[in-house]
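Note that the structure is a prediction, hence the values are computed from the model and not measured. Residue numbers begin at 1 in each chain, while the letters A, B, ... track the order of the sequences. All values below come from the heavy atoms of this structure, side chains included, with hydrogens, waters and symmetry mates left out.
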2 protein chains.
Amino acid sequence: MTVSRVINNTGRISVDTRKRVLSIMKEMNYVPNSMARSLVKQESRILSLLITDITNPFYTSLARGAEDAARQLGYRLLLANSDESIAKEKEYIETVLSARVDGVLFAPAGDDSLPNLRKLKKQNLPLVLLDREVPGIDCDMVLGDSKDGAKRLTEHLISLGHRRIALLNGASTVSTARLRREGYEDALKLHSLPFRSDYMAEANYRMGVTDTLVDRLMQMPEPPTALFAANNFLALGAIRALLNKGYRVPEDLSVVCFDELEAGFVVDPFMTVIAQPAYEFGYTGIQMLVDRIQDKAPAGWRRIMLPSELHVRKSSGEARFSFFDNE
Amino acid sequence: MTVSRVINNTGRISVDTRKRVLSIMKEMNYVPNSMARSLVKQESRILSLLITDITNPFYTSLARGAEDAARQLGYRLLLANSDESIAKEKEYIETVLSARVDGVLFAPAGDDSLPNLRKLKKQNLPLVLLDREVPGIDCDMVLGDSKDGAKRLTEHLISLGHRRIALLNGASTVSTARLRREGYEDALKLHSLPFRSDYMAEANYRMGVTDTLVDRLMQMPEPPTALFAANNFLALGAIRALLNKGYRVPEDLSVVCFDELEAGFVVDPFMTVIAQPAYEFGYTGIQMLVDRIQDKAPAGWRRIMLPSELHVRKSSGEARFSFFDNE
DNA sequence: TAGTTTAGAGTTATCGATAACCCTAAGAGG
DNA sequence: CCTCTTAGGGTTATCGATAACTCTAAACTA
């Protein structure tokens, strides 16, 4: 009726009627029902963002970027958290589909997210993948340079004299973990260092590292002198375990990792990291998504790779040489 | 039609028809439209959570708690972030009202959130306030013991021999800032220490502290020997500024604060803090909200105060006495 | 056997907003 | 004076799911 015309500023309305409507709206505390509107308009102007760990600063920064972009483009954001669980992801997909959001920004838990993603694609819902690729899914993506970053981080350790570098990786069902391993291996090869499978360990990106994992590494006949952790939380878990056991970082073991540890403020930054532009992941992702929704995107899938930066800090130090080995 | 009966398991459906419907649903990739359902049911089973800073671990832990509780109770969570801005808060309120969520869990930016909150109450929307009170709003609340916590933190400093303790507080339009100041003053009084207004500074909970603020304190004729920061980010900002200027913590200035710095993992925890049970804030808040929605709540408003814990760590040390003053 | 249940499924109205169409009176134009 | 335009605003159908009702056989009861 006339109210709709006033709210949306469409059609012809006399100044008088408009005033009358507005004043009655105020008087009644009228608030339009966006569900009813979406039902007829067939669009909700809501985008959905799924992240895998809301306590990880990488994802909270990403969320802020997504939020800012969405706000600027006139969309609202439905934020959810999968805890790296495929099952929660599935639940969430159902929610999102039945809520008829206009598009989804999706940081998948891993390769096993495939069926979940297929379900989205079947509904023809615009989709942008974040941070991780999933084999079998073609769509727009915003990725980091995992391979190159891992290579740089490993080379940094090598340049400090380290020859025995362990890799504490995420699950191999996650694309970033695979790529980080490749980068690590590339760096070893490039410097003619052997790849040793006993220097490899694997854990969930979200979980702390069990002390036993660290024990195993440190109690080898030739323990590593440096540890490359594939993400920030793995590094924290490892360092905590090391300190508990009485080891010192970096004196006994240098530790480096992917991703900053804190969102913004850092007191006396400790960790040597490859920092990814988390905010831009979210911001760019939303831009790509909205382009796609509004048919402004090119026909083919876009694959944006954001650069990262090496920050050398205190957690990585010069290697101590062989005379320490038999200590 | 019959489909609805199948989906909701209501009414009488023959086994045969049910199978037929289900198979066609699968074949068509049918997904029910929850907006249409909400429209007629007059409930959405969506709750909304507004936090003021998504990058602050206090709020991300809180969000996880809220999410877990919501999931367990059969609700979904719409998460948003006000950045401590009343204007964003207002936008968000409008979104939430027009989305017809079933209830709102609200961490207000401050006393100026009053009009925003009134708008919610006018619609009779179940509401639970988190962390901060707002004068003029009566509703269920989950709070921390700001006053007592501040008192304990201040007394901890006093017990270390500090006599000149500065307070770096949040804006006085935020209830927690006022209470933390009260606790601080109580502790001073209790130990017959003078309250000095030149030891007070105020900044936004979200912002870094400007270096000038720290400069002002440290360049006083009688500079403080300890600093009580009213939240974690203020403490981080202060410490960063101090380190930049060449001061050491705790040697030159002890620093303590409210709230943990990191969500879960802490490497070699540094900061002496009053830790609040952030997860429980969210979890309890959702429980109270759902009770209210389902009319299981008592008639009067509930006001739950969650206890907090003092963790003494390295950022606070013994006071150095007068012979240092004229150094 | 006649009347009454009942299982199973179809019909209609509804939630609130909007698209598309229609209606009326005043003013414009010849 | 009559026709035509147009401003302003009312009507109806629609989005998709559900509540409440109806309908039709078959089954059951007395």
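Taking 4.0 angstrom as the limit, A:N8 places a side-chain polar atom (N or O) nearer than this to OP1 or OP2 of C:dT18. Phosphate proximity of C:dC15 to A:N33: absent, as no side-chain N or O sits under 4.0 Å from OP1 or OP2. The phosphate of C:dA9 has OP1 or OP2 within less than 4.0 Å of a side-chain N or O from B:S14.
Nearest-nucleotide assignment on DNA chain C puts the 5′-proximal partner with B:V15, out of B:V15 and A:R37. Each of B:T10 and B:A36 has a nearest nucleotide on DNA chain D; the 5'-most of these lies closest to B:A36.
If you take CE of A:M25 and C1' of C:dA17, they are 13 Å apart, rounded to a whole angstrom. Per the geometry, CG belonging to B:L39 stands 18 Å off P belonging to C:dA13, to the nearest Å. The interatomic distance linking B:M35 (CE) with C:dC15 (P) rounds to 18 Å, in whole Å. D:dG8 atom C1' lies 12 Å from atom CZ of A:R20, rounded to whole Å. Remark: C1' of C:dA17 and CZ of B:R100 are 11 Å apart, rounded to the nearest angstrom.
A distance-only check finds no donor-acceptor pair linking the side chain of A:Q287 to the backbone of A:A66 [under 3.5 Å].
Helix-axis bend for the helix from C:dT1-D:dA30 to C:dG30-D:dC1: the local axis fitted to the five terminal pairs at one end deviates from that at the other end by 50°, rounded to 10°.
For the 3.5 Å distance criterion, the side chains of A:D53 and A:N81 fail to qualify, holding no donor opposite an acceptor. Judged by distance alone, the side chains of B:R206 and B:N231 never bring a donor and an acceptor atom under 3.5 Å apart. At a cut-off of 3.5 Å, with distance as the only test, no side-chain donor of B:S82 or B:S85 sits close to an acceptor on the other residue. The closest side-chain donor-acceptor pair between B:S44 and B:Y75, if any, does not fall under 3.5 angstrom. For the residue pair A:D68 and A:Y279, a side-chain donor N or O sits within less than 3.5 Å of a side-chain acceptor on the partner.
The two residues B:G144 and B:Q276 make their nearest non-hydrogen contact at CA-OE1, 3.3 Å.
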Collect all protein-nucleotide pairs involving nucleotides 5-7 of chain C in which both atoms are nitrogen or oxygen and the distance is under 3.5 Å.
| unit_1 | atom_1 | unit_2 | atom_2 | d |
| --- | --- | --- | --- | --- |
| C:dA7 | OP2 | B:R12 | NE | 3.2 |
| C:dA7 | OP2 | B:R12 | NH1 | 2.4 |
| C:dA7 | OP2 | B:R12 | NH2 | 3.2 |

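Among the protein residues, A:I7 comes within range of no part of the nucleic acid, since none of its heavy atoms lies under 4.0 Å from any strand.
Within residues 40-48 of chain A, the residues that have a heavy atom under 4.0 Å from DNA chain D are, in order of number, A:V40, A:Q42.
A:K19 NZ: 12 or fewer foreign heavy atoms inside a 6.0 Å radius. Counting non-hydrogen atoms of neighbouring residues, nucleotides and ligands closer than 6.0 angstrom, the NZ atom of B:K90 reaches no more than 12 such neighbours.
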Can you give me every donor-acceptor pair (side chain of residues 297-305 of chain A, partner residue at least two apart or in another chain, under 3.5 Å) with its distance?
| unit_1 | atom_1 | unit_2 | atom_2 | d |
| --- | --- | --- | --- | --- |
| A:R302 | NH2 | A:D140 | OD2 | 3.0 |
| A:R302 | NH2 | A:M288 | O | 3.1 |
| A:R303 | NH1 | A:E133 | OE1 | 2.8 |
| A:R303 | NH1 | A:E133 | OE2 | 3.2 |
| A:R303 | NH2 | A:E133 | OE2 | 3.4 |

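The ring-ring contact (aromatic ring centres under 6.0 Å, His included) analysis of residues 107-127 of chain A, with sequence neighbours excluded, yields no pairs.
Judged by distance alone, with hydrogens and angles left aside, A:R5 brings no side-chain donor or acceptor close enough to the base of D:dG8 to form a pair under 3.5 Å.
Every residue two or more places apart in sequence or in another chain that forms a ring-ring contact (aromatic ring centres under 6.0 Å, His included) with A:F281 is listed here: A:F58.
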